[in-house]
K.L.:
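After the structure tokens below, expect a handful of questions from me.
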Amino acid sequence: MNESSNQDIAVFVVWSTQLGAQKKHAIDAMKTVTDPRATHYWDSGDVIGSHYQTLQHPDGEEIQLSGPAWDVWLLFDGTAAWSASVAPAPVWWEHQLRGMPDDVKLDPERFARKAAELARSE
């Protein structure tokens with residue numbers, strides 16, 4: 001994202017313990033996402049990943065991950081409501097995981113296009 005992009009978009013980056021990561025690693029990794037709209041979080045208990053361990057494929061099929069979701073990219077519309085016990089369903093998602101459907105494997109151009117479409121529709 002560039003800094004001239006839509007200011008109505010919020011970016012939440014959640015760093016977790018996958019692959020042995022520790023909070024000190026996330027602090028350095030945060031430098032890779034410099035967009036001023038980004039807020040970074042450290043999730044040592046994989047709370048967010050556990051919420052998204054089951055994802056809905058765009059064709060409607062439910063996909064069950066073998067553990068908490070990580071290395072996934074989620075888009076939400078303006079109606080997404082977060083609570084302590086319920087996380088909203090993304091309107092689009094992509095991943096960088098092995099053993100997952102290739103048609104939702106992260107494609108940066110497609111993901112940016114979907115985000116732009118979502119921003120225009122809000």
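Just so you know, these numbers use all the heavy atoms, side chains as well, and skip hydrogens, waters and symmetry mates.
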K.L.:
Parallel, tilted or perpendicular, judged at 30° and 60°: which one describes the rings of H40 and W15?
P.N.:
parallel
K.L.:
Can any side-chain N or O of D71 pair as donor or acceptor with the backbone N or O of L97 at less than 3.5 Å?
P.N.:
no
K.L.:
With a 4.5 Å heavy-atom cut-off, do Y52 and L65 have their side chains touching?
P.N.:
no
K.L.:
Does the side chain of H57 come within less than 4.5 Å of V104's, by heavy atoms?
P.N.:
yes
K.L.:
To the nearest 0.5 Å, what is the distance between CD1 (I27) and CD (Q22)?
P.N.:
11.0 Å
K.L.:
List for me each residue that meets side chain to side chain donor-acceptor pair (under 3.5 Å) alongside D46, sequence neighbours excluded, and say none if there are none.
P.N.:
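Applying side chain to side chain donor-acceptor pair (under 3.5 Å) to D46 gives T17, Q18.
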K.L.:
Which residues satisfy the side chain to side chain donor-acceptor pair (under 3.5 Å) test with E61, sequence neighbours excluded?
P.N.:
none
K.L.:
Determine whether more than 12 heavy atoms belonging to other residues, nucleotides or ligands lie under 6.0 Å from atom CH2 of W92.
P.N.:
yes
K.L.:
Is there side-chain contact between L106 and F111, with at least one heavy-atom pair below 4.5 Å?
P.N.:
yes
K.L.:
Determine, using ring centers only, whether W82 and F76 are less than 6.0 Å apart.
P.N.:
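Judged by ring-centre distance (under 6.0 Å), F76 and W82 do meet the cut-off.
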K.L.:
Report, as yes or no, whether the 6.0 Å neighbourhood of atom NZ on K105 holds more than 12 heavy atoms from other residues, nucleotides or ligands.
P.N.:
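Correct, the count exceeds 12.
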K.L.:
Whether the side chain of E94 engages the backbone of D107 through a donor-acceptor N/O pair (distance < 3.5 Å, no angle test) should be reported.
P.N.:
yes
